[in-house]
Amino acid sequence: MTQQQMLDLIQKLNDYSYAYHVKDEPIVPDAEYDRLYLQLQTIESSQPDWIQPDSPTQRVGEKPDNGFANVAHTVPMLSLDNAFDNESLADFDQRIRKLLNAEKLVYCCEPKLDGLAISLRYEEGRLVRGVTRGDGLSGEDITSNIKTLYSVPLKLRTETPPAVVEVRGEIYMPKDGFEKLNKLAAEKGDKVFVNPRNAAAGSLRQLDPKITASRPLVMCAYSIGYVEGWEQPESHYDGLLQLSEWGFRINDLMQRVEGSEGCIEYYEMLNEKRTDLTYDIDGIVYKVDKIALQNQLGFIARAPRWAIARKFPAQEEMTRVLGIDFQVGRTGAITPVARLEPVFVGGVTVSNATLHNKDEIARLGVQVNDYVIIHRAGDVIPKVVQVVVEKRPENTFEVDFPNTCPICHSDVEQVEGEAVIRCTGGLVCGAQLKESLKHFVSRKAMDIDGLGDKLIEQLVDQKMVKDPVDIFTLHEKREALLKMERMGQKSLEKLLSSIESAKATQFNRFIYALGIREVGEATARALTSYFNELEDLMAAEQETLVEVDDVGPIVAQHVKMFFAQEANRETINGLLKAGVTWEKKQQASLEELPLAGKVYVVTGSLSQFSRDQVKDKLLALGAKVSGSVSAKTDCLVAGEKAGSKLTKAQSLNVPIIDEAGVIALLHEHGAL
Ligand code: IVH
């Protein structure tokens with residue numbers, strides 16, 4: 001290989017890596033990249049004099065000899081003033097319009113990435129140094145670690161770079177990378193990180209660049225800090241576009257808006273998208289777009305007058321554990337729950353958080369009266385992520401995991417290899433019975449209107465219902481029912497009539513309603529279209545069950561065990577005797593259905609149907625419905641305000657249809 005051929009090879013590898021790490025649009029398979037990389041390594045080891053500083057092999061180097069040196073920033077790295085509501089945002093806009101004597105201002109809006117600020121110095125287009133923010137005036141030289149990030153260009157993608165340019169941006173860890181890293185750490189018994197920001201900080205602080213290289217970090221540029229020998233564009237936005245051309249990743253949600261109204265609209269848009277994003281953000285940064293105006297406004301203390309951060313409600317807060325309770329679920333799983341001093345987090349007041357299982361209590365080391373950090377994002381169940389050990393009061397105490405069921409006092413068992421501890425009481429356990437009944441009557445199961453959670457709890461507590469069959473004998477207990485809380489003649493009639501009409505159900509709903517472990521709606525549907533008759537399903541052996549789509553050995557075992565238990569067979573017989581029935585139509589087998597084998601994802605808001613309704617109909621046509629977009633997705637149904645799933649589908653070239661499109665599709669196959 002000639003030296004020129006090697007230079008071309010470097011260029012090619014850098015182009016591929018830019019497409020993958022900066023543009024999110026891979027142009028070659030990983031294997032092709034790896035093959036060329038190996039070629040480059042081979043030539044470099046036989047011709048060490050030819051090694052170029054921007055060769056991808058130079059990203060992971062040796063440990064810096066004397067740790068991280070302290071370096072003064074050419075231009076200080078400022079912080080930002082905060083606005084916590086629309087009013088203070090409007091005040092900010094008014095204040096600076098007055099100073100500038102301007103009617104209306106154009107702002108550049110950017111997500112405020114939740115990571116660590118970095119300043120990268122390029123001389124004649126080559127990366128010479130990467131420095132942390134530090135105290136704003138000087139920071140640590142972490143160049144050796146920075147070079148391991150593929151989203152940081154080692155050389156700017158231009159023939160005419162400025163003599164000197166300092167690019168500023170944020171280094172963060174995307175959520176999926178964070179989850180994977182923590183899972184691995186937990187498996188190895190290592191310390192897990194509390195959130196992606198801490199994980200990013202911890203990863204950059206490593207003295208060995210090999211460790212940093214193994215961490216999924218991303219750098220996104222958000223401003224030009226300093227430049228020599230080059231004329232800056234007139235606006236901040238154009239500056240960002242220039243950075244993008246030079247090979248930096250910039251945020252694809254940045255947008256120019258007019259006035260404080262535009263800023264507020266952007267806030268609302270991004271707040272909706274926040275939990276769907278693949279990375280954490282803690283707010284929005286609004287910047288006056290015109291650089292000349294920025295210069296006119298200048299700074300006060302440590303913050304620019306021309307920018308402000310609008311913070312989102314925090315997703316993490318500290319509070320105190322008042323107690324630890326144990327709840328028993330439908331399948332007997334005993335879940336510890338922390339009762340908390342109420343705290344406002346992620347936009348709601350939280351007073352309980354799950355502690356998952358025994359192992360999780362041990363991992364967190366949480367005790368009653370401890371101060372803990374609670375995390376709540378979007379509609380996700382709040383969870384305890386960390387004990388604030390420094391604040392541990394003297395009166396804390398551990399809670400022992402119960403040796404018997406806290407509700408029915410039956411023995412508990414732990415299946416080997418599982419973290420969950422279960423009550424063995426089955427329907428004898430009041431808690432399991434209540435949860436099983438709630439599931440049995442739920443909308444996607446037997447769909448019995450008027451039989452709410454509160455009523456079920458009373459019926460079980462008063463021993464009027466001991467299993468699902470008893471629901472169908474409630475018409476014999478009118479008098480007792482009328483004595484129940486909030487039960488009048490009218491609501492009783494309504495309840496009894498919906499119980500009566502629920503008897504005519506569908507085979508798949510019936511199977512789902514039984515609450516067999518691991519048998520959700522889709523699996524119930526798959527089972528019932530494979531086995532047309534209940535008797536066949538009940539008698540099926542494990543080998544037959546695994547032939548059903550979506551049924552693996554574990555699910556097959558649960559199904560087999562469920563039907564093997566005498567008590568369950570009795571319940572099923574009782575239900576059939578009570579009149580539960582379904583139309584035994586010759587169902588088409590799954591493979592014959594029009595959307596068989598196709599994987600759909602539904603996202604965004606729809607106006608004519610709920611997402612669940614659309615999913616049901618797609619499932620009924622034989623499609624699989626998945627929660628996340630991947631290369632295996634056949635089609636994305638994207639409603640209004642679709643977020644990251646839409647972006648991902650676009651980048652993977654997954655076909656996308658809107659609400660009208662899916663309605664047309666359902667019509668075409670007679671599902672509407
Ligand atoms: S601009 C003078 N833009 O927020 C302008 N900062 O509180 C200063 N940050 O330490 C920074 N995303 O690490 C800017 N799009 C963005 C940002 C951003 C995150 C961080 C940055 C800084 C802190 C300021």
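We count ligands from 1, going down the list as the structure has it; atoms in each ligand are counted the same way. Treat the numbers as computed from the prediction; the structure is a model and nothing was measured.
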Sidechain N-carboxylate O distance under 4.0 Å for Asp359, Arg363: no
Closest protein heavy atom (residue, atom, distance) for atom 12 (N) of ligand 1: Leu113 N, 3.1 Å
Geometric N/O contact Val285 with ligand 1, under 3.5 angstrom: no
Nearest non-hydrogen protein atom, atom 11 (C) of ligand 1: Tyr222 CE1, 3.7 Å
Heavy-atom nearest neighbour in the protein, as seen from atom 15 (N) of ligand 1, with distance rounded to 0.1 Å: Glu110 OE1, 2.8 Å
Partners passing side-chain contact (heavy atoms from CB on, under 4.5 Å) against Leu7 (at least two apart in sequence or in another chain): Gln4, Gln52
Which residue and heavy atom of the protein sit nearest atom 2 (C) of ligand 1, plus the separation: Pro304 CG, 3.4 Å
Leu116 CG to Leu204 CG distance, which is reported to the nearest 0.5 Å: 6.0 Å
Identity and distance of the protein heavy atom lying nearest atom 7 (O) of ligand 1: Leu80 N, 3.6 Å
Nearest neighbour in protein (non-hydrogen) for atom 9 (N) of ligand 1: Glu170 OE1, 3.7 Å
Nearest protein heavy atom with distance in Å, relative to atom 23 (C) of ligand 1: Lys112 NZ, 3.9 Å
Ala117, portion touching ligand 1 at heavy-atom distance under 4.0 Å: both
Proximity of Ala309 to ligand 1 by residue part, where a heavy atom lies under 4.0 Å: neither
Which of the ligand 1 atoms, numbered from 1, are nearer than 4.0 Å to a heavy atom of Arg133: 10 (O)
Met77 heavy atom under 4.0 Å from ligand 1: no
Ile300 atom CD1, neighbour heavy-atom count above 12 within 6.0 Å: yes
Flag side-chain contact, heavy atom, 4.5 Å: Met173 against Phe193: no
Ligand-residue contact atoms, ligand 1 with Pro111, heavy atoms, under 4.0 Å: 12 (N), 15 (N)
Test: Glu268 and Lys641 ion pair at under 4.0 Å: no
Any Cys220 heavy atom less than 4.0 Å from ligand 1: no
Nearest-neighbour protein heavy atom for atom 3 (N) of ligand 1, which is reported as residue plus atom name and distance: Lys287 NZ, 3.0 Å
